[in-house]
Amino acid sequence: MINHRRKIASYQTSQGFTRYYYTDELETYEETQLYHNDRTEDGNDAPCRAETCRTFAYDFQTYILNHDGSMYNEICEFTFDDEKTGHRYYYQANRDSGNK
């Protein structure tokens, strides 16, 4: 996409500070935007019944549920308390299939 925005200019004050302001001139810039498309497919050849992968800043999860009933779930979290001290948590669950 091609967008337009106002140009930014600056000047220095007598105290040595730099001040920025928007001018009346426009400049063009290109921006790439990603689009997400959902689609439904036949799941006959799927490697597992369910799979979830989430990756956020300080938060990660992988969940896999296989056709035979076995399951794997791993969660890694990192949080901060009020005193800006970091805490990390790690959870893992692994269930074998009941069909042997």
| query | How about Asn94 and Glu74: does a side-chain donor come under 3.5 Å of a side-chain acceptor? | reply | no
Might you work through the ring pair (Phe, Tyr, Trp, His ring centres under 6.0 Å) test for Phe78 and Phe80, ending with a clear yes or no? CA-CA 7 Å; Phe78 192 84; Phe80 297 94; 5.2 Å; yes
For the residue pair Asn66 and Arg49, establish whether any side-chain heavy-atom pair is separated by less than 4.5 Å. no
Within a radius of less than 6.0 Å around CD1 of Ile2, do more than 12 heavy atoms belonging to other residues, nucleotides or ligands occur? no
**Prompt:** Within the side chain of Arg19, is there an N or O that forms a donor-acceptor pair under 3.5 Å with the backbone of Tyr11?
**Reply:** no
Quiz prompt | Same cluster (ILVMFWY, side-chain, under 4.5 Å), Tyr89 and Ile75 | solution = yes
Between the SG atom in Cys76 and the OH atom in Tyr91, the distance rounded to the nearest 0.5 Å is 10.5 Å
When rounded to the nearest 0.5 Å, the distance separating CG of Asn3 from OH of Tyr29 is 4.0 Å
What verdict does the side-chain contact (heavy atoms from CB on, under 4.5 Å) test give for Asn73 and Met71, after you've listed the backbone C-alpha separation in whole Å, the side-chain angles of each residue and the deciding distance to 0.1 Å?
CA-CA 7 Å; Asn73 192 10; Met71 179 269 304; 3.8 Å; yes
Taken to the nearest 0.5 Å, the spacing of Tyr63 OH from Glu51 CD works out to 11.0 Å
The reported gap from CZ in Arg88 to CD in Glu77 (rounded to nearest 0.5 angstrom) is 13.5 Å
* **Asp68 side chain vs Ser70 backbone, donor-acceptor pair below 3.5 Å** => yes
Item to check | Residues Lys7, Glu27: salt bridge by 4.0 Å N-O rule | outcome: no
NE2 (His87) and CG (Asp81) are apart, to the nearest 0.5 Å, by 3.5 Å
d(Gln92 CD, Thr62 OG1) to nearest 0.5 Å is 10.5 Å
### Query
Is the number of heavy atoms from other residues, nucleotides or ligands within 6.0 Å of OH (Tyr90) greater than 12?
yes
